[in-house]
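Encoded as structure tokens, the structure appears first; notes follow it.
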Amino acid sequence: MPVTYRAPKGTDDVLPPESRAWLRAEKTFVDLAEVFGYDIVLTPYFEATELFSRGVGEATEVVEKQMYTFTDKGGRSLTLRPEATASLVRAMVEAGGVHGTEKIAAWGPMFRYEKPQRGRRRQFYQGDIEYFGEPSPDADVEVIEFGYRYLEEMAVPDVVVALNSIGDVEDRATYRDLLTTWLMERQDDLSDDARNRIASNPLRVLDSKADADIVAEAPAPVEHLADAAAEHFTQVQRGLRRLQIPYRIEARLVRGLDYYNRTVWEYLATSYEGAQDAAGGGGRYDGLFELLGGKPTPAVGVAMGIDRIMLMAGKRADQPALDAFVVIADPNRRDAGLDLVSELRRRGLRTDLDLAERSVSAQFKAADRAAAAWAVVVGDEWADGKVTARNLATGEQETVAVEGIEAWLKGR
RNA sequence: GUGGCCGUAGCUCAGCCUGGUUAGAGCGCCUGGUUGUGGUCCAGGAAGUCGCGGGUUCGAAUCCCGUCGGUCACCCCA
């Protein structure tokens with residue numbers, strides 16, 4: 001059959017058995033968030049376009065060319081969310097703002113119009129946690145630790161935290177002038193992209209790979225922190241050392257979203273062979289609430305890239321998918337078999353059967369393929385109120401009473 | 001958005017350079033050997049507009065162009 005319809009470019013269907021691993025990834029994330037004291041929040045998958053253009057920043061790559069923007073029938077400009085933080089902050093502001101502290105988690109798809117490749121999809125999944133209302137560097141440490149623990153639980157090997165501080169907004173103005181001057185003096189040697197960015201967003205020139213040689217000599221934000229930001233950064237590092245979370249200072253790390261200040265970081269999977277080695281990233285964004293119309297609220301958060309983590313994670317053996325597979329040996333006892341399946345399911349046993357009225361041999365084969373623990377044969381012995389239960393792993397089998405079969409199976 | 005490579009059965013691929021009778025393999029799937037017993041083995045079988053469209057040619061999976069999709073790198077990011 002020729003394929004008429006395909007999943008849109010850069011999107012994936014997640015089919016069994018991989019879907020089981022994805023479900024596990026989500027459960028692991030939500031459970032860990034609860035362990036850390038974060039509550040799940042659900043927000044829309046689309047928002048007013050302006051939320052992102054203002055929140056994320058007009059001059060960012062995301063806003064300039066990666067947004068899925070459309071006009072609805074009411075004439076509103078809406079955008080499929082390219083990231084979660086702006087929505088989460090908006091939701092909190094809309095709900096009346098943060099009183100004291102608020103710790104929330106979110107999970108779901110994000111959308112960015114990019115050229116797809118391995119580990120970079122147009123619809124991709126993130127798990128986020130956000131710590132609102134807490135200026136302490138220990139909040140940064142907690143959020144960094146959360147992401148690190150999640151990667152541990154997901155069995156992503158060789159993770160290191162790439163860490164930097166880009167200072168506060170006020171300090172950054174001074175640094176920005178310094179950097180702009182420095183870049184202007186060398187603009188003839190810079191790539192076109194970098195040169196164009198000097199005026200709009202000079203910090204982003206820092207992580208340009210094309211200009212890596214030149215930029216390596218540039219003044220780094222971390223060398224020009226004001227006292228408060230410098231002390232904050234010192235405390236973050238102290239906390240990470242205390243928790244023995246491996247990190248390294250990455251002086252050129254600036255991140256692509258404009259709302260960050262002070263601490264920024266990414267989780268790099270150093271043994272992963274692929275261009276997309278960042279499994280997650282985060283930062284502090286003390287100015288975003290105000291920018292989006294709320295009262296000033298310190299905040300720090302992280303986004304974990306689930307698609308990449310699934311690529312990086314060690315594969316785990318799948319558990320048996322079924323407890324019982326009912327084999328109907330005598331077509332005249334089909335109703336009895338169907339009733340037994342229903343009864344076992346109501347008792348909570350994962351149970352299935354082959355409805356195609358095939359040979360017993362074929363049904364056993366199906367039971368085996370379904371990775372069932374037991375095959376339960378409904379045949380002549382049904383007349384005596386019995387079924388034959390065969391352990392598909394050991395090959396041992398026994399004819400037992402139908403009455404109480406659920407308990408019998410569970411007891412094995 | 002830029003460049004390289006790729007696109008043949010459900011899956012992994014061979015065939016393509018050097019166009020030519022019914023397009024192959026392994027795995028998987030179905031049936032039988034086993035009219036009530038799977039996982040091993042044996043036999044048989046089903047399944048392919050050779051991504052799509054156009055061109056060259058007597059003839060195209062094979063050559064050319066376009067297009068869609070994948071992939072790798074860049075850009076950038078999760």
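As the structure is a prediction and not an experimental result, all values here were calculated from the model. Chain identifiers are assigned alphabetically (A, B, ...) following the order of the sequence lines, protein sequences preceding nucleic acid strands; residue numbering begins at 1 within each chain.
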Reckon A:G281 touches a base, only the sugar-phosphate, or nothing at all at heavy-atom distances under 4.0 Å?
sugar-phosphate
Using Watson-Crick geometry (N1-N3 plus N6-O4 or O6-N4) or G-U wobble (N1-O2, O6-N3), each under 3.5 Å, B:rC11 is paired with B:rG26
For the side chain of A:R112, counting heavy atoms from C-beta on, which of B:rU31, B:rC77, B:rU71 is nearest?
B:rC77
Phosphate oxygens OP1/OP2 of B:rC77: is one of them under 4.0 Å from a side-chain N or O of A:R121?
no
Classify the nucleic acid contact of A:A279 as base, sugar-phosphate or nothing, counting any heavy atom under 4.0 Å across all strands shown.
sugar-phosphate
Rounded distance in Å between the C1' positions of B:rG51 and B:rC6
12 Å
Which whole-number value in Å describes the distance from A:K9 NZ to B:rU71 P?
10 Å
Checking side-chain hydrogen bond (donor to acceptor under 3.5 Å, both in side chains) for the pair A:R81/A:Y45: CA distance, chi angles, key distance, verdict?
CA-CA 6 Å; A:R81 63 181 187 188; A:Y45 290 1; 4.6 Å; no
Would you indicate whether A:E185, at its atom CD, is surrounded by more than 12 heavy atoms from other residues, nucleotides or ligands within a distance under 6.0 Å?
yes
Just how far, in rounded Å, is P of B:rG28 from CG of A:D368?
12 Å
By nearest heavy atom, map A:T394 and A:S359 onto RNA chain B; which one lands nearer the 5' end?
A:S359
Base, sugar-phosphate, or nothing for A:G10, non-hydrogen atoms under 4.0 angstrom?
sugar-phosphate
Any side-chain heavy-atom pair of A:V161 and A:E266 under 4.5 Å
no
Partner nucleotide, any strand, of B:rC74 [Watson-Crick/G-U, under 3.5 Å]
B:rG1
Counting just side-chain N and O atoms, does A:Q117 come under 4.0 Å of either OP1 or OP2 of B:rA73?
yes
Tell me which nucleotide among B:rU71, B:rU31, B:rA78 gets nearest to the side chain of A:R118.
B:rU71
Over all strands shown, is A:K365 touching base, sugar-phosphate only, or nothing at heavy-atom distances under 4.0 angstrom?
sugar-phosphate
Inter-nucleotide P distance (B:rU62, B:rA9), Å rounded:
14 Å
Have a look at A:E83 and say if it touches a base, only the backbone sugar-phosphate, or nothing, with a 4.0 Å heavy-atom cut-off.
nothing
Cation-pi geometry met for A:R122 and A:Y113 (6.0 Å, 45°):
yes
Among A:F29, A:Y131, A:W265, which residue meets the ring pair (Phe, Tyr, Trp, His ring centres under 6.0 Å) test with A:F146?
A:F29
In the strands shown, is B:rG59 matched to any nucleotide by a Watson-Crick or G-U wobble pair with both distances under 3.5 Å, and which?
none
Describe the nucleic acid contact of A:D380 in one word from base, sugar-phosphate, nothing, applying a heavy-atom distance below 4.0 Å.
base
